[in-house]
Structures are given as structure tokens and as C-alpha cells.
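Quick notes on the structure that follows.
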Amino acid sequence: MSNPSIKVRFAPSPTGELHIGSARTALFNWLFTKHQDGKFFLRIEDTDPERSKEKYADQILESLSWLGLNWDQPIIYQSQRLDVYKDRVKTLTKAGVVYRCFCSRDVLQTAREAGNYQYPGTCRNLSEEAIKQRLNQGSSFTLRLKIPEGETNYTDLIYGNIRVDHKELDDFIIVRSDGSPTYNFVVVVDDHDMEISHVIRGEDHISNTPKQILIYQALDYTVPIFAHLPMILGPDIKRLSKRHGAPGVQNFKDDGYFPESLLNYLALLGWNPGTDKEVFSLDELVNEFDLSQVQKKGAVWDEKKLHWLSGQYVKKTSTDFLLESIRGIHPDWGKGSEISFLISVIELLKVRAKSLTEFITQSKYYFSDPESYDKAGLKKWWKNESTNERISTFLQDLDNLSNWRKEELEKSFKSFAESNQFGLGKIIMPVRMAVCGTPNGPSIFDILELIGKEICIRRITTALERLPN
RNA sequence: GGCCCGUUCGUCUAGUGGUUAGGACUCCAGGUUUUCAUCCUGGCAACAGGAGUUCGAUUCUCCUACGGGCUACCA
């Protein structure tokens with residue numbers, strides 16, 4: 001049961017990979033439309049041949065797929081609709097709402113630098129004769145929209161009523177001198193042709209909206225409903241950009257985040273459910289999302305919270321799926337080990353790892369002997385030769401242990417500590433350093449059991465030879 | 001310069017004409033633990049400023065300040 005009256009679109013320009021800000025826009029569009037069984041369309045805004053690259057378009061699509069923001073076909077490429085735009089220009093020309101402007105870029109630029117920010121309307125009322133003359137001279141020209149007197153207002157679903165006096169608007173260019181159409185024009189044509197009901201996009205488009213509404217009216221199209229989303233900001237409160245560490249979606253995939261946790265975090269950036277709930281599945285987001293709960297002010301990107309959320313997801317995720325996911329980003333992980341062994345490793349690390357990459361970095365010692373030992377750990381737990389004495393004595397107990405199970409190991413550690421009047425940590429921690437190379441990690445008994453007697457004995461023997469120096 | 005938008009703990013946010021202004025992340029302290037992490041308990045920390053309306057404003061209005069966006073033959 002789909003709702004034919006709800007159609008939204010996400011319209012990236014392929015001038016770079018999908019970054020976090022755009023992903024948030026895509027997500028809000030997607031949540032909004034899924035919430036009411038509407039359609040979600042994609043449009044690639046590739047009318048700038050200088051900056052648009054096909055590989056970026058593909059990359060954006062890939063990132064969206066990874067995020068799980070599936071779209072309804074077909075994808076519209078603006079570069080394939082040039083004829084359509086030409087046709088609509090004709091319509092506007094016929095209607096007499098556009099005019100040729102022969103002003104050169106330089107002239108306009110100079111005027112702007114002199115403080116005249118608005119186009120002065122130089123060519124607005126050129127006589128037929130003057131136009132003909134310019135054309136005969138072969139002068140190039142742009143096409144500008146003739147903005148009528150008055151004002152335009154619209155109700156933004158997030159910002160409320162927005163009103164702009166036409167005095168503030170230039171007769172802006174809709175067709176460049178090379179014949180290509182500009183953004184503010186094509187966006188209207190496309191949104192109309194795609195029958196978009198709700199235009200949900202970044203706040204940076206608020207000022208463009210009145211111009212676009214004027215085009216809707218000039219073309220006699222129905223004006224859609226607009227909703228503008230606040231910006232995502234960097235720690236310096238400036239709009240988040242590549243400067244702030246290139247927060248592309250791909251990076252988060254590479255860093256081992258689940259798409260769900262990224263999406264969850266993104267949703268919380270500017271939206272809230274009206275309850276204390278913070279951890280959402282995608283379905284829950286769809287159910288609870290509502291544009292009326294979207295903030296007006298920009299939100300600062302906070303990676304720490306993402307990291308925490310990611311940890312929440314990791315904890316809830318099944319071990320099997322974690323294994324699959326880890327191998328998804330690192331196919332060689334645990335190569336040569338039994339699956340059951342890998343499952344055990346993941347289970348031990350599950351409460352510690354907050355992302356898939358952390359499973360990889362924290363699991364080295366399960367697969368290979370430590371090459372070096374954590375310095376701070378040694379300083380605290382393997383100070384001098386007395387540790388060697390203690391551990392080499394204990395090593396014999398371990399060696400004699402016939403049943404290498406964690407329960408037995410624990411008994412052995414405890415009885416050795418007790419009978420020799422050592423604190424338990426004095427034995428556990430040096431052993432941990434010897435076996436793992438790091439003082440941090442899961443229960444030592446779990447680790448020893450899992451890694452197995454032979455290897456553990458070997459590592460402890462090696463450590464006794466190499467330490468304390 | 002002009003126009004538009006915004007302003008609650010460091011960050012994400014809830015909230016009401018009268019609240020001890022709530023939650024989450026971070027940070028700190030304590031507990032649990034062999035370590036780390038988890039978990040539990042507690043703590044620090046905010047209504048930008050000024051007028052006005054009102055018995056009473058964080059909440060409503062105006063002004064100021066600050067911040068952001070737009071002002072392209074980019075999208």
C-alpha cells in the first residue's frame with residue numbers, strides 16, 4: 001500500500017563522494033517518505049561539466065546502497081535532459097518572462113566588487129533593435145528571468161513562513177551563454193516532471209526557494225511543499241566540510257561502523273523523537289520520524305557520540321553477523337583459524353570493541369605471538385627479575401595442568417597466589433603481558449583456554465627469556 | 001554591504017507563563033573486576049544580553065550582540 005501523493009528526491013551533484021551532510025539530507029528524505037509509504041527518487045545533478053565526474057556519481061550510489069537508503073527507479077541524470085530544458089526555455093521565452101542579457105562576466109564582476117551586489121537590470125529593457133544589433137555582432141548572451149514586482153512567501157515545514165520582497169531578488173540567469181541551463185531553473189523543471197511533492201533539502205537553499213517559486217509560477221507548475229534542514233556544522237560552528245576531516249560516508253564504512261549506527265547518529269543530528277530514546281533500529285526510525293520534530297539550528301558533528309552509539313550496536317549484533325561484517329572489511333582476518341575459534345574471539349571482544357576495526361586491532365594476540373610488549377604495562381607489571389622468578393615457578397604449575405580449562409586455570413592461579421602469599425594480580429598480569437603483549441583485554445582465563453596450552457606455555461617461556469629488558 | 005535564518009549544559013537535545021530547567025554523549029568520582037571494556041551509583045555543567053507585556057518570564061514581543069546561510073554564466 002503505497003502513498004502516491006508523497007514523492008521526494010535526493011539530488012546530489014557528483015562533484016565528490018557522498019559526505020555526511022548530504023547523507024543526512026538523503027536520510028531525512030528517505031525517512032519522511034518511508035514513514036508514509038511514499039516514493040524516494042534519485043537525481044544526479046551533473047550539469048556542471050567542469051566539476052561533475054561519473055565516478056563520483058557511482059560512488060554516491062554505492063554509499064547510499066551501503067547505508068541502505070534504497071531508491072525507486074529510475075535515476076534521473078540531468079545531463080540527459082538537456083533537450084527538455086531547452087524546450088522549457090522556449091515556453092518561458094514565449095511567455096515573455098525571460099530576456100537576453102549581453103553583459104559580460106567581467107562587467108558584472110567589477111560591479112559586484114564595487115559594492116553593487118545586484119544585477120542592475122542593464123539589459124532588461126533593451127529595444128528590439130539593440131538586441132538585433134548585438135546578435136548581428138555575434139555577442140554572446142545569457143537568459144535572465146524577469147522578476148515581477150511584489151513579494152513571494154511560502155510555508156516551510158521546518159522554518160515556518162518565509163517572505164521575501166522581490167526587490168531583494170536579481171533577474172537571475174537561467175541559461176548560460178553557452179546555452180546550458182542553471183541550477184535554479186532545472187531544479188524546478190525536474191522536480192515538476194518527477195512530480196515531487198515535498199522538496200526536502202539543506203538550509204542553504206532557503207534563499208533560493210523564492211526564485212524557484214517564481215519559475216514554478218512562470219511555467220504554471222504546482223509549487224511543491226518545502227522543508228529545509230539545518231546544516232551540520234564542524235566543531236568551529238562552520239558548515240561541515242572536507243576541511244573538517246573529510247567526513248565522507250565511505251570513511252565510516254572503512255572505519256568499521258555499521259550503516260545503522262551512522263544513520264542512527266545522523267537522525268539524532270537535528271531530529272529527536274520527543275522521548276529519551278536514543279538507540280534506534282532503522283525500522284524504528286521510520287516509524288517515529290517526523291519533520292515537525294526537526295530542529296532549526298545547525299548541529300555540531302560529534303564523533304564521540306557516534307562512537308558510543310556504534311558500541312551500542314556492536315553489543316546488540318549477533319556474533320555470526322559480526323564475523324561476516326569484519327570479514328566484509330577485512331577478508332583476511334583470522335585466516336587459517338577455525339570458525340569456532342573466531343566466534344569465541346569475537347564473543348570475548350564484543351563488549352570492548354566499538355567498531356569492526358577495533359575487533360581487528362584488539363585481536364592480534366589470538367592469532368600470533370606478541371612481537372613486543374606494551375611499555376606502560378611492563379613498567380607496572382613486570383618490573384624486574386623477581387617477576388621472572390615468580391612466573392617461571394608458576395609456569396611449572398601451568399605445564400603440569402592436565403585439564404586446560406578456564407575453571408582449572410583459575411584454580412591454579414589462585415592456589416599459587418595463595419600458597420606463595422602473592423596478590424593475584426602479580427601472577428595474572430605478568431602472564432597476560434607474556435601471552436598478549438598488552439595489559440588490557442578480557443578475562444585471562446578465557447584467553448588462555450581459547451589460545452591453548454601449547455601456545456601459552458611457549459609465549460610465557462619466550463617472555464621469560466626476553467623480559468624484563 | 002543587503003536579505004534570510006538561528007541562539008537551553010562543551011556537544012546532541014527535552015521542556016513549560018510559576019519545574020530543584022530533564023535526558024544522552026564527553027569528563028570526573030565511587031562501586032564491580034586480575035587489567036581494559038562493560039555494567040551500576042553519584043557529580044560538574046545551560047536558558048546570549050537588554051527592554052517591554054505580566055502578579056510572575058527560559059517560555060510571548062521588540063531591540064542589541066553573536067553565529068550561520070544566500071547574495072555565481074556552482075549545485
Side-chain angles (χ1 to χ4, degrees), chain A residues 11-15 45-48 50-52 78 101 103-105 108-109 112 115-119 140-144 156 158-160 162-165 167-170 172-184 186-187 201-211 228 230-231 233 235 237-239 265 268-279 293 295-309 311 315 349-354 358 362 377 380-381 410 413 417 423-429 431-433 436 438-445:
Chain A
S13 56
T15 53
E45 309 214 322
D46 54 356
T47 50
D48 181 352
E50 293 279 299
R51 301 195 303 146
S52 296
Q78 288 187 328
C101 171
C103 297
S104 75
R105 243 180 267 235
L108 296 171
Q109 177 71 20
R112 207 171 299 122
N116 301 314
Y117 289 85
Q118 277 205 353
Y119 173 66
S140 65
F141 59 88
T142 60
L143 251 34
R144 288 181 184 270
D156 190 289
I158 289 157
Y159 286 90
I162 294 186
R163 192 176 65 82
V164 173
D165 194 310
K167 287 194 189 84
E168 304 301 332
L169 270 26
D170 303 69
F172 60 94
I173 292 172
I174 63 164
V175 178
R176 302 183 187 94
S177 49
D178 67 359
S180 62
T182 61
Y183 169 74
N184 280 124
V186 297
V187 75
R201 73 231 301 195
E203 185 212 8
D204 47 339
H205 287 294
I206 285 187
S207 308
N208 287 326
T209 306
K211 297 182 190 174
H228 289 92
M231 302 274 90
L233 314 171
I237 320 293
K238 297 254 192 292
R239 178 201 200 146
Y265 177 67
L268 258 20
L269 224 44
W271 170 82
N272 76 83
T275 66
D276 284 348
K277 189 168 172 165
E278 304 249 23
V279 183
Q293 296 278 350
Q295 208 76 230
K296 290 189 183 74
K297 70 164 176 174
V300 175
W301 175 261
D302 177 16
E303 193 132 8
K304 288 211 178 93
K305 187 145 185 177
L306 201 216
H307 198 244
W308 170 79
L309 253 180
K315 264 194 295 182
L349 296 179
K350 211 164 167 177
V351 291
R352 268 157 270 263
K354 294 203 168 67
E358 288 182 11
Q362 292 179 22
K380 188 163 183 194
W381 301 106
E410 186 166 357
F413 273 77
L424 196 52
K426 292 245 179 194
I427 311 157
I428 284 179
M429 293 310 289
V431 169
R432 182 189 287 282
M433 288 305 300
C436 308
T438 162
N440 303 335
S443 160
I444 188 65
F445 311 117

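When heavy atoms are screened at a 4.0 angstrom cut-off, A:Ser443 is found touching base atoms of the nucleic acid. Contact annotation for A:Asn116: no contact, since no heavy-atom pair falls under 4.0 Å across all strands. A:Pro442 comes within 4.0 angstrom of a nucleotide base, judged by non-hydrogen atoms across all strands. Nucleic acid contact for A:Gln109: none, since no nucleic acid atom lies under 4.0 Å from a heavy atom of the residue. Nucleic acid contact for A:Cys436: none, since no nucleic acid atom lies under 4.0 Å from a heavy atom of the residue. The residue A:Lys350 sits apart from the nucleic acid: no heavy atom pair falls under 4.0 Å. Within 4.0 Å of A:Gly115, counting heavy atoms only, lies no atom of the nucleic acid at all. Note on A:Lys315: only backbone sugar-phosphate atoms sit closer than 4.0 angstrom, heavy atoms only; bases stay farther off. Nucleic acid contact class of A:Gly423 (heavy atoms, under 4.0 Å, all strands): none.
Distance check on atom C1': B:rU16 versus B:rG22 gives 12 Å, rounded to whole Å. Here, B:rU58 and B:rG15 have their C1' atoms 10 Å apart, quoted to the whole Å. Here the separation of B:rG50 from B:rU41, taken at their C1' atoms, is 43 Å to the nearest Å. The gap from the P atom of B:rG18 to that of B:rC60 amounts to 12 Å, rounded to the nearest Å. Atom P of B:rA24 sits at a distance of 25 Å from the matching atom of B:rU33, rounded to the whole Å.
If you measure from atom CG of A:Leu268 to atom P of B:rA14, you get 10 Å, rounded to the nearest angstrom. Between A:Lys211 atom NZ and B:rU71 atom C1' the separation is 7 Å, expressed in whole Å. When rounded to the nearest whole Å, the span between CG of A:Leu306 and C1' of B:rA24 equals 14 Å. Atom CG in A:Asn272 sits roughly 16 Å away from atom P in B:rC25 (whole-Å rounding). Atom CG in A:Asp165 sits about 11 Å away from atom P in B:rC3, given to the nearest Å. Spacing between atom CZ of A:Arg432 and atom P of B:rA37 amounts to 12 Å, rounded to whole angstrom units. B:rC25 atom C1' lies 12 Å from atom NZ of A:Lys354, rounded to whole Å. Atom CD1 of A:Ile173 and atom P of B:rC73 are 4 Å apart (whole Å).
You'll find that the side chain of A:Glu278 is closest to B:rA24, out of B:rA24, B:rU34, B:rA37. With B:rU13, B:rA75, B:rU8 as the choices, the nucleotide that has an atom nearest any side-chain atom of A:Lys297 turns out to be B:rU8. Considering only side-chain atoms of A:Tyr159, the nucleotide from B:rA24, B:rG6, B:rC73 that sits closest is B:rG6. Candidate nucleotides B:rA75, B:rG6, B:rA37 were compared by shortest atom distance to the side chain of A:Arg51, and B:rA75 ranks first. Checking B:rG2, B:rU13, B:rA37 against the side-chain heavy atoms of A:Ala299 singles out B:rU13 as nearest. Among the nucleotides B:rG23, B:rA75, B:rU71, the one closest to the side chain of A:Asp170 is B:rU71. Of the candidates B:rU71, B:rU35, B:rA75, the closest approach to any side-chain atom of A:Tyr117 belongs to B:rU71. Taking every side-chain heavy atom of A:Asn184 into account, B:rA75 is the closest of B:rG2, B:rC25, B:rA75. Each of B:rC3, B:rA14, B:rC5 was ranked by its minimum atom distance to the side chain of A:Ile162; first place goes to B:rC5. The side chain of A:Trp308 sits closest to B:rA24 out of B:rU71, B:rC36, B:rA24.
Remark: A:Gln118 is not in phosphate contact with B:rG1, judged by side-chain N or O atoms under 4.0 Å from OP1 or OP2. Side-chain N/O atoms of A:Arg112 include one lying less than 4.0 angstrom from OP1 or OP2 on B:rA72. In this structure, A:Thr15 does not reach the B:rA75 phosphate: none of its side-chain N or O atoms is under 4.0 Å from OP1 or OP2.
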(request) Between protein and nucleotides 62-69 of chain B, map the contacts as a letter string: B base, S sugar-phosphate only, - none, heavy atoms under 4.0 Å, written 5' to 3'. (result) -----SSB

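Here the side chain of A:Asp46 pairs a donor or acceptor atom with the backbone of A:Gln78 at under 3.5 angstrom. No donor-acceptor pair closer than 3.5 Å links the side chain of A:Tyr119 to the backbone N or O of A:Phe172. Listed for the A:Asp156 side chain is a donor-acceptor partner under 3.5 Å among the backbone atoms of A:His228. With hydrogens and angles ignored, the 3.5 Å screen pairs no side-chain donor or acceptor of A:Ser13 with any backbone N or O of A:Thr15.
Atom CD of A:Glu203 and atom NE2 of A:His205 lie 11.0 Å apart (nearest 0.5 Å). We find the CZ-NZ distance between A:Arg352 and A:Lys354 to be 10.5 Å, quoted to the nearest 0.5 Å. How far OG of A:Ser443 is from CD1 of A:Ile428: 7.5 Å, rounded to the nearest 0.5 Å.
Contact annotation: the side chain of A:Ser177 approaches that of A:Arg105 to within less than 4.5 Å [non-hydrogen atoms, C-beta and beyond]. Two residues are said to be in side-chain contact when any heavy atoms from C-beta on lie closer than 4.5 Å; A:Pro181 and A:Ile174 fail this criterion. A heavy-atom distance below 4.5 Å is found between the side chains of A:Asp170 and A:Gln118.
Side-chain N/O atoms of A:Arg352 and base N/O atoms of B:rU38 include no donor-acceptor pair closer than 3.5 Å. One can find a donor-acceptor pair under 3.5 Å joining the base of B:rA24 and the side-chain atoms of A:Lys305.
In this entry B:rG30 has B:rC40 as its Watson-Crick or G-U wobble partner, both defining distances falling under 3.5 Å. B:rA51 and B:rU61 make up a base pair, with Watson-Crick or G-U wobble contacts both under 3.5 Å. Across all strands shown, B:rC9 remains unpaired; no Watson-Crick or G-U wobble contact has both distances below 3.5 Å. With both pairing distances under 3.5 Å, B:rC3 is matched to B:rG69 as a Watson-Crick or G-U wobble pair. Checking B:rU19 for Watson-Crick or G-U wobble geometry (two distances, each under 3.5 Å) identifies no partner in any strand.
For A:Lys167, the NZ atom is loosely surrounded, since the number of other residues' heavy atoms within 6.0 Å does not exceed 12.
Remark on RNA chain B: of its neighbouring residues A:Tyr119 and A:Asn208, the 5'-side contact belongs to A:Tyr119, judged by nearest-heavy-atom nucleotide. Both A:Gly270 and A:Pro439 lie close to RNA chain B; mapped to their nearest nucleotides by heavy-atom distance, the more 5′-ward contact belongs to A:Gly270.
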(request) Begin with the C-alpha distance, continue with both residues' side-chain angles, and end with the deciding distance and a verdict on side-chain hydrogen bond (donor to acceptor under 3.5 Å, both in side chains) for A:Asp178 and A:Ser180. (result) CA-CA 6 Å; A:Asp178 67 359; A:Ser180 62; 2.7 Å; yes

Please enumerate all protein N or O atoms sitting under 3.5 Å from an N or O of nucleotides 57-59 of chain B, with distances to 0.1 Å.
none

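Taking all atoms of both residues into account, the shortest heavy-atom contact from A:Leu309 to A:Glu278 is CD2-O, 4.0 Å.
Checked against a 6.0 Å centroid threshold, the rings of A:Tyr265 and A:Trp301 count as neighbours.
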